[in-house]
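Down below is the structure, laid out as structure tokens.
Here is the naming used below: chain letters follow the sequence lines, and residue numbers restart at 1 for every chain. Bear in mind that the values here come from a model prediction, so they are computed numbers and not experimental data. Excluded from the calculations below are hydrogen atoms, water molecules and symmetry mates; all remaining heavy atoms, backbone and side chain alike, are included.
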Amino acid sequence: MRVHRKAGRLVALTAAVGLLAAACGGEDSGSGDTGSGDGGDPKTFIFGASEDPKTLDAAYVSDGESFRVIFQIYETLVALEPGTTEVVPGLAEEWEISPDGLTYTFHLRDGVTFHDGEPFNAEAVCFNFDRWYNFTGPAQSGDVTYYWQTIFGGFATKEIDSAPDTSRYQSCEATDELTATLTLTEPSSALLAGLVLPAFSIASPKAIEEGGTEIEATGDSFTYSGGFGSEVVAGTGPFQFVSWDRGESLVLERNEDYWGEAPALDEIIFRPIADPTARLQALQAGEIDAYEGVNAADIGAIEGAGDQVVERPAFNVGYVGFNNKLPIFQNPKIRQAIAHALNRQGLLDAAYPEGAVVANQFLPPDQWGYNDSIEGYEYDPDLARQLIEESGETNLTLEFWYPSDVSRPYMPDPQAVYESFAADLQAVGFTIVPKTVPWTPDYLQNIQGDGLGQLHLLGWTGDYADPDNFIGTFFRQDRPEFGFTDPTIQAKLNEALTLTDQAEREPLYEEINQLLYDYIPGVPFVHNQPLLALAGDITGYTPSPVSLEYFKLVDIEG
Amino acid sequence: MSVNEVVAGEPGGPAPATTEAAARPPSSLGREALHRLVRNPMAVVGMVLISIFVLVAIFAPLIAPYSPTDNSWLDQVRPGQYPGPSAEHWLGIDPLGRDVFSRIIYGARQSLLIGVVSLALGAVAGIALGVLAGAFGGWVDTVVMRFVDIMLSVPGLLFAIAVAAMLGQSLTSVMIAIAVVNVPIFARLLRGEMLGQRGADYVLAARSLGISRSAIVFRHVLPNSFTPVIVQGTLTLALAIVEAAGLAFLGLSGSDPSAPEWGRMLTDAQETLTSAPMLAIYPGLAIVLAALGFTLVGESLREALDPKFRR
């Protein structure tokens, strides 16, 4: 939201003008819709998104804006208990896992149909799994099929260098009409938890085939030119696709044939509004009913106007990462000095919502594997100065990277976090050189791809409830971001992933957290409770720790 | 025009009645202009504003009670609640726990620096182009002036944004961006003035005496063409301060977001506009007053030096 604030402002202005136009033109098109059964006005829930989804082809995306829409249209074999990370039956009513952890038998729900009228059955399930496993070309890029690669690894034929060499996926077999058997090549403790991700949405095979799923790579970006996911969209979920006017609105309507309890809403509209201030204004003007990424400083204004602010559980971590390859960070006193120099509590009190807590490990407290006995490094600038002196380091100049044009769940305002921490570090004797680039694609590429960050701000929001999703992602393999290659910790993380018994895994992760705490490959600073704003008349909106919220539970009062 | 003709007046003293002034014998152009200037209340207000601004900028470390980046008061801040003015913090504390007054004071430094450097760069380049066109005339004049026209055809701030965005995030690029905008203004001004002097009696006299062309240009025409440049320079300084703030507001400024800079303070304040509007008003006021000072002096100078205003 900064440099390029100019760009942000222009976008906001354009969006605002567009909104106005859409609001004026939208009235009559909406009124022609069929109302709900009770004959009243149709209930339309308008969500102010920060951008358009990339595509509604669930297998090709990993970002929150796409997932939010996809999550309402499609369903997965296993689902989430609303508001938790607990795995509950979804399209599969029940399932069995073989003792060796290699075979998953899913018993599917009967009487479910796709939005295009096609029947949902085991064949449709396996069609989707086979499609994912047989992705070719650019679809094998980690930017496109991130979650397939995280949960299942590689593909039938490895076509691009960055794709994983091996796959955990062996086969999917439609044993009978409503039984799908998934076979793996090696056990994976994270599989079931991972299958709740919208990336594993089961789509209508007919829609996939008829729409087409072409994808083109241009440099680092991808164009989803297939009709499936943009024109042809068919899942089994409570809402079905109506229209998508990019940059303006994406409209869904209630699926009258939904197998579960009928949703209260008649219609959902997603409107992209890039600028957070413009989203706040749109809510206050009654143009939207909800948005996420609420600034803690705006809570008073929102609640004062009769609207609501709700918190997501803190299932994330924000951290100051070090590039541990650099000689200065190989000096443990320097790492300790930084940990003691940062006034994390002060920053959280001043700029974060009340529910935000100081992080002392890379895992959020609600995730099993969290080590309760770790107390955390105290804010103690004098001790930090002393540690620097003892370290013997004389060149204390560090580049400190932070992203612009972005708000993250763990970091609503990256520049504020940077400024606060930079002042803390300068107060104990470091010389800080600010470095900032826009979030996508530069920042992630610079930090995660090229490891340019000496110090950098980043974080993670959990995708599913498994400790490996946090610390495994960061430290199981050598990653340029941390330049961290501790063989003991890496071996333990790999061991913990292949074990399937949680009782065995839990102490192992607690031990790993202690080792990471002692080493300090970076300083975690926050587990934030991201805020959502809702119009005053919205009920039933259940915030989810993994940001997957069922709009089928939402209602509008009155 | 002899310096000896100067009437021994009282330069700083109270101005005598205007009728008396009009009755005076003709005095030196410069002296007369100065008289008119100090008698103009607008000019005096402007000069006071400029003096305060410059003194604050120079002596910022002595005036400001704290370092502009010291965030020691972070623990007094809560989201949406920022301590207002108090005995320790005259203008309160910003959302990151820093003293607003100290940041405003140090901000003057940045503004003055950008203003002066960009003015100097722009004026030097512009004057060079103007002299080139004015002295040589002919095709050189045509080429230079068409080039200048092209530069002038792009709106100033837009041009500065484009240049600053191209050069990247740094103070130098901001200075260059603002300087570039000023180049055509000075070039055009000087060239016009020099062309006007071409047929002047003293030029013809110098020519008839056989003085070389370059000597005429540099020793006679150029010094006599400088008056409007000084006026323009003062006005440009005001514009440079506003443009620097504008660029900073749009995110084009030095690479350090913690640096005290009025434009950037304004941008940051925008996020808390509903809860703490004063955080936007302070830097806004500082920008307005500094720019006003230079504008008042510039306009008064123009009046004082313009023969048309002479009584």
Over 12 foreign heavy atoms within 6.0 Å of [atom1], [X]:
X	atom1	answer
B:Arg109	CZ	yes
B:Tyr66	OH	yes
A:Glu303	CD	yes

Quiz prompt | Under 4.5 Å from a heavy atom of chain B, the part of A:Thr277 involved | solution =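 Interface part for A:Thr277: neither.
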Practice problem: Let me know if A:Ala351 has heavy atoms under 4.5 Å from chain B in its side chain, its backbone, both or neither. | Solution: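 Looking at A:Ala351, just its backbone touches chain B.
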Quiz item: Among A:Ala297, A:Pro434, A:Ala350, A:Ala423, which residue forms the greatest number of heavy-atom pairs with chain B at distances under 4.5 Å?
Solution: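 Answer, by heavy-atom pair count under 4.5 Å with chain B: A:Ala350.
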Check each atom of [X] against the heavy atoms of chain A and say whether the ones under 4.5 Å are side chain, backbone, both or neither.
X	result
B:Pro257	both
B:Asp256	both
B:Thr69	backbone
B:Leu96	side chain

Practice problem: Answer yes or no: is there a side-chain heavy-atom contact under 4.5 Å between A:Tyr352 and B:Pro79? | Solution: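 Not in contact.
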Quiz prompt | Any side-chain heavy-atom pair of B:Glu271 and A:Asp413 under 4.5 Å | solution =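 B:Glu271 reaches A:Asp413 side chain to side chain.
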Self-check item: Nearest-0.5 Å distance, CG of residue B:Leu273 to CG of residue A:Asp298
Solution: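 Here the interatomic distance stands at 10.5 Å.
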Quiz item: Say you draw a straight line from OG of B:Ser275 to CG of A:Asn295; how long is it, rounded to the nearest 0.5 Å?
Solution: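 The CG atom of A:Asn295 is 8.0 Å from OG of B:Ser275, to the nearest 0.5 Å.
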Practice problem: Take B:Arg78 and A:Asp349 through the side chain to side chain contact (heavy atoms under 4.5 Å, CB included) test and state the conclusion after the steps. | Solution: CA-CA 6 Å; B:Arg78 291 292 173 272; A:Asp349 287 346; 3.5 Å; yes
Practice problem: For the pair B:Asn71 and A:Glu419, evaluate side chain to side chain contact (heavy atoms under 4.5 Å, CB included) and give the outcome as yes or no after the intermediate values. | Solution: CA-CA 9 Å; B:Asn71 69 343; A:Glu419 286 190 56; over 6 Å; no
Quiz item: What's the shortest heavy-atom distance between B:Leu74 and A:Leu347, and which atoms?
Solution: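 Heavy-atom minimum between the residues: CD2-N, 3.4 Å.
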